[in-house]
> 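Following this message is one structure expressed as structure tokens.
Residue indices begin at 1 and follow the sequence shown.
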Amino acid sequence: MKQEQVYIDLAAIDISIEDFDAFHEKHEFSQKYQEDKLRMLKEYRKNIGQTTKRNVLKVAAAAVVLFISAPVLANAASDGAFFNRLWGTLGKKNIETHDEIVYDAEKDTSCMITYPKQEFVDIDANKAEELIGNAVSYEPVIREFGDIKLTILAAVSDGNAAVIEFTLEKEGGVDVLEYSQLDNETKGAWFSEDAEFYMQFKDGSEKIYVDMEKSTNDMIYCYDYIARKSYNTGTTELIMEVYQYAVPRKELFDMEDAEIGKHISMEEISIPTRTLLQNVEYVNPDGGKISISPISMRVDMNTGLGLSEEDAYDPYHAYFVAVQYKDGTDYIVHEHELENVHACDIEIDNASYICGDEQNNLMLVFNRLVDINNIESITVNETQYLLK
């Protein structure tokens, strides 16, 4: 095995997450990351919504909408466990910055990656109920795909982003997902190329966090942090696409398009949500806008940040994002070094998921609930945003 001691900024991997873990692209550990990053982002965005053989192979033979619900559950019955596991400290722990050698089996190389600091905070169940309680749907959606049972336990959306809790069950061991603590810290869990089952949200990109504490061999608990592609349209419904393959997914990669459809079936599952969470708008002196809710933030990178069109297209140029509260405390959502622009002692990643879009918006799905009624200001890089 050839080993390359290449030090890569983890934030760069996170913001190009689809390139990092999409199975239709080779994962590149490159010393030229800064030069290649923009090309990778452009290629990712160009491919959003397009049919590619190595995407989810969206030449499915059939598509039907299914919705199966069971009696409504109450978060209160579990003393706020839903809130604390998705945005609190249950099943999660604070992580100091650390170095890890990561092996790329396809290229038979490895590199050293520095992981940023991650901090989680305790949640007061009553405050969480006040912030988002009325918007959370606890209507389970249950489906079985072969020997895999999928149960969606809860969902909440603000129109820009969504957060879902679901489980996967299989007697003898759930083997469709590849996951680890390090995956939780970076790109999240991903579906094995040997799997005959795959799912994704129709209107978004996402990161799946696996609760290592609560999960067992036969049932894994997953928290899905989703950035939606079509912004606040007033639609509360979420659609999950589930693909079943007659052969392991990797066997489809070399097939002709006409052959692929013979081996795939696709179903759309409607996941109900309740009322959309409120988004509040903040603006900078030049009119650049931020839309923020208790679970996410969308930043327009085009206006007021002093970025070129090319740099605004690249989420890596949002090197510091923080929410300032009226009591003087800060929630640093994300901070990383940017050569000749910004330096910091410790890089921080307190977002559950970060990604960019074709309109140069930066989406940050939070790792804690934000009290939007007590925000003093928001800072992106050196620019301050105030309530509109």
Side-chain angles (χ1 to χ4, degrees), residues 10-11 14 73-98 100 115-133 135-136 138 152-156 158 161-168 177 179-189 206-216 219-227 277 292-297 321-325 327-335 346-354 364-375:
L10 188 65
D14 276 341
L73 300 179
N75 180 68
S78 58
D79 296 322
F82 169 74
F83 299 128
N84 275 295
R85 288 198 175 274
L86 275 78
W87 296 282
T89 56
L90 286 179
K92 299 175 181 178
K93 60 181 180 180
N94 290 344
I95 299 164
E96 297 299 326
T97 183
H98 59 101
E100 300 286 345
Y115 287 66
K117 182 177 182 179
Q118 295 184 352
E119 299 173 298
F120 301 94
V121 297
D122 290 325
I123 283 184
D124 178 87
N126 291 329
K127 186 63 177 178
E129 193 72 46
E130 174 189 328
L131 289 172
I132 71 170
V136 180
Y138 297 105
I152 298 169
L153 298 170
V156 63
D158 64 6
V163 180
I164 308 295
E165 179 185 22
F166 68 90
T167 62
L168 291 172
L177 275 187
Y179 61 93
S180 68
Q181 176 57 38
L182 290 181
D183 288 327
N184 280 342
E185 294 177 37
T186 52
K187 58 189 173 63
E206 60 202 284
K207 172 181 172 179
I208 298 174
Y209 185 103
V210 175
D211 190 327
M212 308 291 287
E213 177 184 87
K214 194 174 183 181
S215 297
T216 65
M219 177 184 288
I220 58 174
Y221 284 80
C222 302
Y223 313 133
D224 205 345
Y225 302 93
I226 306 156
L277 288 170
I292 186 170
S293 82
I295 66 169
S296 79
M297 177 194 303
V321 181
V323 176
Q324 289 85 34
Y325 290 110
D327 65 2
T329 61
D330 293 342
Y331 166 29
I332 299 177
V333 187
H334 184 83
E335 183 175 16
I346 298 175
E347 297 195 350
I348 297 172
D349 184 12
N350 287 330
S352 293
Y353 183 52
I354 302 176
L364 303 103
V365 187
F366 302 139
N367 75 348
R368 63 197 67 177
L369 293 179
V370 169
D371 186 351
I372 59 173
N373 297 314
N374 287 306
I375 296 175

> Has K214 got more than 12 heavy atoms of other residues, nucleotides or ligands less than 6.0 Å from its NZ?
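Counting neighbours around NZ of K214, more than 12 heavy atoms of other residues, nucleotides or ligands fall under 6.0 Å, so yes.
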> Under a 4.5 Å cut-off applied to non-hydrogen side-chain atoms, are Y325 and I375 in contact?
yes
> Once you round to the nearest 0.5 Å, how far does CD1 of I164 lie from CD1 of I208?
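One gets 11.0 Å once the value is rounded to the nearest 0.5 Å.
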> Considering non-hydrogen atoms only, spot the tightest contact between V156 and A135 and give its length.
CG2-O, 3.8 Å
> Do F82 and W87 have side chains that get closer than 4.5 Å, going by heavy atoms?
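Result yes, sub-4.5 Å side-chain heavy-atom pair found.
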> Please work out which of the three classes, parallel, tilted or perpendicular, describes the rings of Y115 and H98, given edges at 30° and 60°.
parallel
> What distance separates E96 CD from I346 CD1, expressed to the nearest 0.5 Å?
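Result: 6.5 Å between the selected atoms.
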> Write down the atom of V365, the atom of A227, and the distance for their closest heavy-atom approach.
CG2-N, 4.5 Å
> Would you name the heavy atoms of D122 and N84 that are closest together and state the gap between them?
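Heavy-atom minimum between the residues: C-OD1, 4.5 Å.
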> Would you indicate whether the side-chain heavy atoms of I354 and D349 approach each other to under 4.5 Å?
yes
> Which distance, rounded to the nearest 0.5 Å, do you find between the CZ of F120 and the CD1 of I95?
5.5 Å
> Applying side-chain hydrogen bond (donor to acceptor under 3.5 Å, both in side chains), name anything that partners D211, two or more places apart in sequence or on another chain.
R85, Y223
> Write down the atom of A189, the atom of Y179, and the distance for their closest heavy-atom approach.
CB-CB, 3.7 Å
> If I take atom OG from residue S352 and atom CG from residue D224, how far apart are they, to the nearest 0.5 angstrom?
10.5 Å
> Side chains of V323 and M297, heavy atoms from C-beta outward: is any pair under 4.5 Å?
yes
> Check for me whether K207 meets the cation-pi criterion with Y353, that is, NZ or CZ under 6.0 Å from the six-membered ring centre and within 45 degrees of the ring axis.
no
> Backbone N or O of E119 within a donor-acceptor pair of the R368 side chain at under 3.5 Å?
yes
> Hey, are N367 and Y331 close enough side-chain-wise for a donor-acceptor pair under 3.5 Å?
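Yes, a side-chain donor-acceptor pair sits under 3.5 Å.
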> Would you say the side-chain atoms of Q118 pair up with the backbone N or O of E185, donor to acceptor, closer than 3.5 Å?
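Yes, the answer is positive, given that a donor and an acceptor are paired below the 3.5 Å cut-off.
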> Looking at every non-hydrogen atom in both residues, tell me the closest pair between D158 and S296 and how far apart they are.
OD2-OG, 2.6 Å
> So D124 and F83, do their side chains get closer than 4.5 Å, heavy atoms only?
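Result no, sub-4.5 Å side-chain heavy-atom pair not found.
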> I332 and A322: which non-hydrogen atoms are nearest, and at how many Å?
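It is CA-CB, 4.1 Å.
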> Hey, which of I152, V136, L86 is the one that makes side-chain contact (heavy atoms from CB on, under 4.5 Å) with E165?
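With E165 as partner, side-chain contact (heavy atoms from CB on, under 4.5 Å) holds for just one option, L86.
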> Hey, could you give me the CG/CG distance between L177 and L168, rounded to the nearest 0.5 Å?
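L177 CG to L168 CG: 5.5 Å, rounded to 0.5 Å.
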> Answer whether the closest heavy-atom distance between the side chains of F366 and V163 falls below 4.5 Å.
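The answer is no, as the side chains (C-beta and beyond) never meet within the 4.5 Å cut-off.
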> Between T97 (side chain) and K117 (backbone), is there a donor-acceptor pair under 3.5 Å?
no
> Can you tell me how far CG of D327 sits from OG1 of T329, rounded to the nearest 0.5 angstrom?
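With rounding to 0.5 Å, OG1 (T329) is 3.5 Å from CG (D327).
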> Backbone N or O of S180 within a donor-acceptor pair of the D183 side chain at under 3.5 Å?
yes
